2 protein chains.
Amino acid sequence: MPTVSSEELAAAAGVNSAKLRKDFSYLGSYGTRGVGYDVEYLVYQISRELGLTQDWPVVIVGIGNLGAALANYGGFASRGFRVAALIDADPAMAGKPVAGMPVQHTDDLEKIISENGVSIGVIATPAGAAQQVCDRLVAAGVTSILNFAPTVLSVPEGVDVRKVDLSIELQILAFHEQRKAGEEAAVAEAAAVVVPPVRPAANGRKGPDGDMPAVMPA
Amino acid sequence: MPTVSSEELAAAAGVNSAKLRKDFSYLGSYGTRGVGYDVEYLVYQISRELGLTQDWPVVIVGIGNLGAALANYGGFASRGFRVAALIDADPAMAGKPVAGMPVQHTDDLEKIISENGVSIGVIATPAGAAQQVCDRLVAAGVTSILNFAPTVLSVPEGVDVRKVDLSIELQILAFHEQRKAGEEAAVAEAAAVVVPPVRPAANGRKGPDGDMPAVMPA
DNA sequence: CCATCTTTGTGCACGCGTTCACAAAGACAT
DNA sequence: ATGTCTTTGTGAACGCGTGCACAAAGATGG
């Protein structure tokens, strides 16, 4: 029986082995002392806990460049997601195949949702249409929404929304890029600009966005 | 002079006002007691600290659906980013306009980077090409990379990489979706499956991914 | 069957971020 | 000027996650 110890896994993942064991303990206790974890069973347990063993039908609304990119994205199928339908408001798009699947018109949104038992919707429309699409998805029974449109969606209680802002990641990179340049320049320029002293920075977070400010202007 | 108090901002952002003041204090101290913060100056200070006042030329490599979507994305310009060039390995793409800008061939990658002083690169290629593109970007002087390809890139010390996995957000939604369904079903099914008891969950994090496990299978 | 060795599961302590609470500071009215 | 009122800036306490360290558990060999 192939097994792994928490020590091996921790080393591979770059985390503390005690934390890893503690996390696993939340899933129940099924490691064997003196041996480790049964790999196959472990994978199954985690997969089940994460919902990877289920089939999640999703709809993608707004088949522009981004919507098409998402439809073609291979990573979904391997994680238990199935693109049930592609929906767009443009009548010219209707019937046109994208990622081997015909685009359907927004008029049929409610029907598509209910017939496929869809509970997760992806919004890749322009900002202006997002809230309206969101409202219709929710009304039709969708309870989780992944929003790529640059708008904050308002939804009723019980509906989860996650917003993906493609520029935020760039923002974070630029922030660090600036600091790289800043440290060299600070000496050379003899502090031409009044820069606040280096922050405490002795926080515990190890991630690359360790000390990004939490608030930024619109 | 238009001003805002930390209390107003905190309420609007949904955070604690003391934390907000403490964060601002790291940028230096420029609020006025009894009045609040000068809005215009505050915006400028934060913008400068985040690098929004600078112009960041970026290149996008891999002009498929996703690359095109990024090139057309409006949010970049308003955050100080300027798409300096679109690069693709397909000779058939060369010269073809995307987002009002001609696609250039990978052969000229190094020249484009150096001539435009690019320090941030976006990789939107298939997984197979990502590492190779990454190596060339780094060799040409890029020190920050935003990776949309489903691969872990290895880079030398001093280069920042951020990976965006479009399916991870879906994963998180599905995880919560499962728990929603689980809580109803748990009663009905009389615990047909051995499910661990509800976690402590009394952690400080308020975000929707409050208690996602940190480790997941490939 | 006992001794030893490995690895899990977890109580406990440490450290860091968050929040509270208040003194200091400035505005504004009298 | 002086007092009052508002809001900042920050020291101190709290709470939570993380990591240490070890007892318990099971495997393995003699």
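It should be emphasised that the depicted structure is a prediction, and the values quoted were computed from it without experimental measurement. Residue numbering restarts at 1 for every chain, and letters A, B, ... go by the order of the sequence lines. Worth knowing before you read on, the calculation uses all heavy atoms, side chains too, and leaves out hydrogens, waters and symmetry mates.
The pair B:Asp165-A:Arg79 meets the salt-bridge criterion, since a charged nitrogen lies less than 4.0 angstrom from a carboxylate oxygen.
Between B:Leu9 atom CG and D:dT7 atom P there is a gap of 12 Å when expressed in whole angstrom units. When the P atom of D:dT10 is taken as reference, atom CG of B:Leu27 falls 12 Å away, rounded to whole Å. When rounded to the nearest whole Å, the span between CZ of B:Arg21 and P of C:dT18 equals 15 Å. Between the CG atom of B:Leu20 and the C1' atom of D:dT7 there is a distance of 13 Å, given to the nearest Å. In this structure, B:Asp23 atom CG and D:dG9 atom P are separated by 12 Å, rounded to whole Å. Separating the OH atom of B:Tyr30 from the C1' atom of D:dT10 is a distance of 17 Å, rounded to the nearest angstrom. Whole-Å rounding puts the A:Asn16 CG to C:dT8 C1' distance at 14 Å.
Side-chain contact between A:Leu166 and B:Leu70 is present, with at least one heavy-atom pair separated by less than 4.5 Å. Proximity of B:Gln45 to B:Tyr30: side-chain heavy atoms (C-beta onward) are separated by under 4.5 Å at one or more points. Residues B:Val159 and B:Leu137 have side chains not in contact (no heavy-atom distance under 4.5 Å, counting atoms from C-beta outward).
Using a 4.0 Å heavy-atom distance criterion, A:Ser17 is classed as making no nucleic acid contact.
A donor-acceptor distance shorter than 3.5 angstrom exists from the side chain of A:Ser5 to the backbone of A:Glu8, with no hydrogens or angles considered.
Closest non-hydrogen pair, A:Val83 versus A:Met101, comes out as O-CE, 3.1 Å. Of all heavy-atom pairs between B:Ala174 and A:Trp56, the closest is O-CZ2, 3.5 Å. Summarising the geometry of A:Pro2 relative to A:Asp38, their closest heavy-atom pair is O-OD1, 3.4 Å, with the distance given to 0.1 Å.
Listed by first and then second residue, the salt bridge (charged side-chain N to carboxylate O under 4.0 Å, His left out) pairs that reach into residues 145-159 of chain B come to none, sequence neighbours excluded.
For A:Tyr37, the listed nucleotide lying nearest its side chain is C:dG9; candidates were D:dT8, D:dT10, C:dG9. Checked against D:dT7, D:dT18, C:dT10, the side chain of A:Ala18 finds its nearest nucleotide in C:dT10.
At the phosphate of D:dT10, neither OP1 nor OP2 sits under 4.0 Å from any side-chain N or O atom of B:Tyr26. Side-chain N/O atoms of A:Lys19 include one lying less than 4.0 angstrom from OP1 or OP2 on D:dT18.
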I'd like a table of atom pairs between the protein and nucleotides 11-14 of chain C - only N or O on both sides, under 3.5 Å - with the distance next to each one.
residue	atom	partner	partner atom	Å
C:dG11	O6	A:Lys22	NZ	3.2

Next on the checklist: Generate the contact string for nucleotides 23-30 of chain D. Rules: B means base contact, S means sugar-phosphate contact only, - means no protein heavy atom under 4.0 Å.
Outcome noted: -BB-S---

